[in-house]
Amino acid sequence: RNEDEEPPQMDTVDLGAFSPVVDSSSNNADTRRASNTTRGNGSLLKIPLAYLVETRSDEERDEIAFGEVVEGVPVTWWDAQKWKILSSVMCLLLVLAIVTPATLLAEEHDVMPSAAPSDQPSSPPSFDPRQTLEIIQDRKYIRCGIDNSIIESGGKFHQDLCRSIGAVILGNPESFEVIPVTWTTRWRYLLDRDVDVLLSSDSYTIEREVMEASSGSGFDFSSPYMYDGMAFFGQPIYVECAEEFRRYDECKSLRVCATMGTTIEKFLKSAFPLDVISIATSREDMMNMLSNNTCNVVLDLKFYSMLFDKNTSQSNFTWGNKLMTKEPGAAVTRKDDPEFSRVVNWVVNSLFYGEEEGLTKDPSRCLNYTILTGRASDLDFSKALYCVGNYGEIYHGDPSNRGMNRINNGTGMLYGIPFGNLEPAIDDIAEGSLANIRKMGSLVCGVVVPENFDGEVTDSNSEVGMGVDFCRTLAAALFHGGYNDVRFLDFHGTDDSAYLALENHTVDVLIGIGSRADKKYAIDFSTPYYWADDVAGNGSRSFSLATPDTDHMFSSFVNCVVVATIYALEHRIDREGMLDMPSVTLFGRELTFALRDAIAYSGNYDQIYAKNFNSTVSESTRGRNRLNEGGPQFLPLPGIDHQKT
């Protein structure tokens with residue numbers, strides 16, 4: 001149209017940030033500037049519907065000279081949309097042609113319907129299905145997760161633990177890799193197989209054995225290699241204030257620091273108001289805050305810190321004498337490979353054995369394997385000692401200040417592993433063996449009796465009676481106090497029939513056998529319930545409740561019940577005070593009162609002991625069957641001395 005004509009009134013359509021075609025050969029700067037402005041500010045062009053033109057073919061477009069004015073050909077709505085409509089109809093007919101015969105065929109052959117959507121989580125990522133031992137030997141080095149603060153401090157103890165495991169599995173103590181982990185990443189690194197074992201003195205608790213909170217998974221723990229606890233460290237006067245939880249008079253300036261994201265932070269916040277507490281982002285940051293007087297006391301793991309932190313030896317600071325918590329540090333492995341977990345545990349115990357027997361590092365006896373088989377039975381645990389050294393040699397701390405981390409010489413060894421949080425949000429129904437045993441209505445307890453035993457196990461006392469009472473205590477925990485809901489089967493200790501009965505589930509649990517490093521049978525052992533004296537120089541024996549290692553939840557429940565009797569003794573809880581025992585949903589809400597039911601029957605450990613031995617037995621004659629009140633706690637598993645050491 002001419003510029004002086006009025007534009008026709010037509011419907012328009014927005015084409016977004018459409019840029020008009022401009023003849024690039026034009027020298028009209030205003031035209032080029034207008035074009036660029038449109039593209040830059042995203043303004044919308046409106047074009048009358050009647051001026052939409054029919055698309056030309058590629059050949060026709062090639063024949064049009066650049067910048068040539070072309071006459072638009074008006075098209076109707078049907079002309080513009082008919083091919084889209086026809087294409088859609090054809091696609092629909094094609095789908096019907098494919099689906100209909102398949103549906104008829106499925107009906108004819110009575111195909112089962114698809115499974116209903118599952119509430120279970122999606123499958124985890126796929127991993128190498130081989131055993132961890134085989135993977136490590138094929139890789140030719142072990143990967144140990146060690147806390148980054150330990151690595152940065154240059155501490156060697158945890159690295160030597162890693163070297164010990166590498167020496168046993170690969171024959172070479174230098175076949176290892178240290179992977180830095182943090183408090184927040186360590187569990188995921190282990191689950192994702194980025195590391196084979198965690199060696200950061202992680203505290204062993206019943207909760208973490210069943211279901212660690214941040215990862216939602218349970219883990220295996222070795223015998224603790226670092227019995228520790230939270231203690232206050234700093235200016236002497238304020239350390240005393242903190243230990244007594246005083247915040248008045250000379251203590252009114254008390255300020256306490258802890259590290260973020262740890263159990264230490266949780267404890268501190270439960271013990272002091274927030275205006276007394278300062279939280280550090282790292283352990284290094286915490287120690288700097290102590291040095292610059294942001295706080296005058298810190299709360300930390302005592303022996304863990306003394307191993308590698310030079311700041312803890314400064315003359316103007318001091319450690320408190322009280323351990324506020326129990327923190328048994330152990331090696332951590334995944335639950336899906338119990339053989340590897342046992343190997344790591346035996347390496348730790350071999351270090352104890354070496355110190356007890358005076359076996360020391362001897363490079364001349366640190367020899368490589370001629371062949372690697374990937375089998376635990378072919379491993380030589382003496383390599384941990386000869387290649388790296390016994391526990392005392394690798395400790396690297398003050399040998400006169402090891403606390404509980406010493407070889408036991410016959411003093412009390414009753415030590416209850418901390419529970420942790422026993423009331424997480426978890427399924428209402430117990431599963432696996434717990435559910436099956438409860439459904440059957442009774443517990444089957446196998447009793448291994450001494451060779452000279454003659455009588456009824458249910459009328460026994462002494463060590464046999466102790467085992468029987470712990471089976472009844474377990475039954476009370478399982479059946480809401482029903483301690484008689486248990487059947488006993490006798491076995492003699494001269495053959496393997498008891499182990500076979502446990503393996504094939506003829507019995508649910510075994511008593512009367514000693515905890516030991518056993519390569520023949522895959523067994524989980526609870527915390528020991530009885531320590532026997534050394535016999536004929538064969539070492540001490542610790543009696544535990546034994547369960548198959550095929551059901552970790554049941555094994556942890558059994559262990560929890562044994563620990564409950566020690567916990568009750570530590571907290572002076574007897575039968576009448578059973579309501580002071582913690583409730584527990586960790587194993588299913590139907591077992592919430594399990595520990596209370598157990599103690600309502602048995603009482604605490606001392607009450608069980610007094611029932612089966614002379615109630616007038618003095619503390620001095622009870623040997624290791626007494627509470628450990630800070631004395632030595634290391635004692636190697638019997639059988640370690642037969643594992644080529």
Side-chain angles (χ1 to χ4, degrees), residues 205-207 210 414-424 426 428-430 433-435 437-445 447 457-461 463-488 508-509 511 526-530 543-545 547 553-613 615 625-627:
T205 68
I206 298 295
E207 174 197 6
V210 177
L414 295 180
Y415 179 93
I417 294 297
F419 286 135
N421 178 19
L422 293 178
E423 295 188 277
I426 203 167
D428 291 344
I429 305 300
S433 297
L434 282 173
I437 293 169
R438 285 174 52 78
K439 183 177 180 180
M440 294 299 294
S442 66
L443 174 74
V444 182
C445 184
V447 184
V457 296
T458 53
D459 297 328
S460 301
N461 54 22
E463 65 184 63
V464 175
M466 283 282 287
V468 168
D469 264 341
F470 271 94
C471 272
R472 291 194 185 281
T473 302
L474 178 59
L478 284 166
F479 301 109
H480 305 316
Y483 62 88
N484 280 322
D485 294 330
V486 55
R487 294 188 296 113
F488 295 93
D508 302 311
V509 64
I511 60 172
S526 73
T527 297
Y529 64 81
Y530 180 72
F543 292 88
S544 301
L545 272 65
T547 52
M553 182 71 79
F554 180 61
S555 295
S556 294
F557 181 80
V558 172
N559 189 36
C560 188
V561 171
V562 176
V563 169
T565 65
I566 302 173
Y567 174 93
L569 178 59
E570 291 172 334
H571 292 80
R572 297 181 173 84
I573 300 172
D574 56 15
R575 294 184 185 90
E576 290 70 28
M578 60 90 173
L579 288 178
D580 292 330
M581 292 297 292
S583 56
V584 49
T585 60
L586 195 61
F587 305 100
R589 295 192 179 278
E590 58 188 2
L591 293 170
T592 298
F593 276 61
L595 303 187
R596 297 175 180 178
D597 292 332
I599 301 305
Y601 162 71
S602 69
N604 61 43
Y605 183 91
D606 273 5
Q607 291 177 297
I608 301 174
Y609 190 91
K611 176 183 175 181
N612 288 281
F613 294 88
S615 59
N625 300 298
R626 295 173 287 163
L627 281 180

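Only a predicted model underlies this, so the values are computations on that prediction, with no experimental measurement involved.
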Participant: Please check if the side chain of Asn461 supplies one atom and the backbone of Phe613 the other of a donor-acceptor pair under 3.5 Å.
Facilitator: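 Pair absent, no side-chain N/O of Asn461 close to backbone of Phe613.
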Participant: Side chain of Thr592, backbone of Arg589: donor and acceptor closer than 3.5 Å?
Facilitator: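 Present.
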Participant: Should Tyr609 and Met466 be marked as a side-chain contact (heavy atoms from CB on, under 4.5 Å) after you check the CA-CA gap, both sets of side-chain angles, and the distance that decides it?
Facilitator: CA-CA 7 Å; Tyr609 190 91; Met466 283 282 287; 4.2 Å; yes
Participant: State whether the side chain of Asn604 and the backbone N or O of Ile573 hold a donor-acceptor pair below 3.5 Å, judged by distance alone.
Facilitator: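 Such a contact is found between Asn604 side chain and Ile573 backbone.
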Participant: What pairs with Cys471 under disulfide bond (SG atoms under 2.5 Å apart), at least two apart in sequence or on another chain?
Facilitator: Cys445
Participant: Please find the pair of heavy atoms, one from Val509 and one from Leu474, that lie closest to each other, and give the distance.
Facilitator: CG1-CD2, 4.3 Å
Participant: Between Thr473, Asp469, Asn484, which is the residue that forms a side-chain hydrogen bond (donor to acceptor under 3.5 Å, both in side chains) with Tyr601?
Facilitator: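 The option that passes is Asp469.
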Participant: Test of understanding: with salt bridge (charged side-chain N to carboxylate O under 4.0 Å, His left out), list the residues that count as partners of Asp606, not counting sequence neighbours.
Facilitator: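 Listed in chain order: Arg622.
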Participant: Measuring from Asp508:CG to Ser433:OG, what's the distance to the nearest 0.5 Å?
Facilitator: 7.0 Å
Participant: Please work out which of the three classes, parallel, tilted or perpendicular, describes the rings of Phe587 and Phe557, given edges at 30° and 60°.
Facilitator: perpendicular
Participant: Would you check if Phe470 and Ile511 make a side-chain contact, meaning some heavy-atom pair closer than 4.5 Å?
Facilitator: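 A side-chain contact is absent here, since even the closest heavy-atom pair is not under 4.5 Å.
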Participant: Compare every heavy atom of Pro528 with every heavy atom of Val562, then report the nearest pair and how far apart it is.
Facilitator: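 For Val562 and Pro528, the tightest heavy-atom pair comes out as CG1-O, 4.4 Å.
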Participant: Does the Arg438 side chain pair with the main chain of Leu478, one donor and one acceptor, at a distance under 3.5 Å?
Facilitator: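 Checked: pair present.
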Participant: Look up atom CE in Met581 and atom OG1 in Thr565, then write down how far apart they are to the nearest 0.5 Å.
Facilitator: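 Between Met581 CE and Thr565 OG1, I get 8.5 Å after rounding to 0.5 Å.
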Participant: At their closest point, which heavy atom of Gly465 faces which heavy atom of Asn612, and how far apart are they?
Facilitator: C-OD1, 3.0 Å
Participant: To the closest 0.5 Å, what do you measure between CG (Asn625) and CG (Leu414)?
Facilitator: 6.0 Å
Participant: Looking only at non-hydrogen atoms, find the nearest pair between Phe554 and Leu434 and report the distance.
Facilitator: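 Answer, listing the atom of Phe554 first, then Leu434: CD1-CD2, 3.8 Å.
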Participant: Could you tell me whether the side chain of Ser526 and the main chain of Leu545 form a donor-acceptor pair under 3.5 Å?
Facilitator: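 The answer is yes, because a donor-acceptor pair under 3.5 Å joins these two groups.
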Participant: I'd like to know whether Phe419 forms a side-chain contact (heavy atoms from CB on, under 4.5 Å) with Val584, so could you lay out the CA-CA distance, the side-chain angles of the two residues, the decisive distance to 0.1 Å, and finally the verdict.
Facilitator: CA-CA 10 Å; Phe419 286 135; Val584 49; over 6 Å; no
Participant: For Asp597 and Tyr483, does a side-chain donor sit closer than 3.5 Å to a side-chain acceptor?
Facilitator: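 No, no side-chain donor-acceptor contact under 3.5 Å.
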Participant: Checking the side chain of Arg575 only, and the main-chain atoms of Ile599 only, is there a donor and an acceptor separated by less than 3.5 Å?
Facilitator: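 No, Arg575 side chain to Ile599 backbone: no donor-acceptor pair under 3.5 Å.
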Participant: Could you tell me how the ring of Tyr529 sits relative to the ring of Phe543: parallel (under 30°), tilted (30 to 60°) or perpendicular (over 60°)?
Facilitator: tilted
Participant: Step by step, work out the side-chain contact (heavy atoms from CB on, under 4.5 Å) result for Tyr605 and Glu570.
Facilitator: CA-CA 9 Å; Tyr605 183 91; Glu570 291 172 334; over 6 Å; no
Participant: Looking only at heavy atoms, what is the nearest atom pair of Leu586 and Pro424, with distance?
Facilitator: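 Heavy atoms of Leu586 and Pro424 come nearest at CD1-CG, 3.4 Å.
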Participant: Can you tell me how far CD1 of Ile608 sits from CZ of Arg472, rounded to the nearest 0.5 angstrom?
Facilitator: 12.5 Å
Participant: Taking side-chain hydrogen bond (donor to acceptor under 3.5 Å, both in side chains) as the definition, give me every residue that meets it alongside Ser583, ordered by chain and number, with sequence neighbours left out.
Facilitator: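 Ser583: side-chain hydrogen bond (donor to acceptor under 3.5 Å, both in side chains) contacts with Glu423.
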Participant: Working to the nearest 0.5 Å, report the span between CD1 of Ile206 and OG1 of Thr527.
Facilitator: 6.5 Å
Participant: Closest heavy-atom contact between Ile417 and Thr205?
Facilitator: CG2-CA, 4.0 Å
Participant: If we only count heavy atoms from C-beta on, is the Leu422 to Glu207 side-chain gap below 4.5 Å?
Facilitator: no
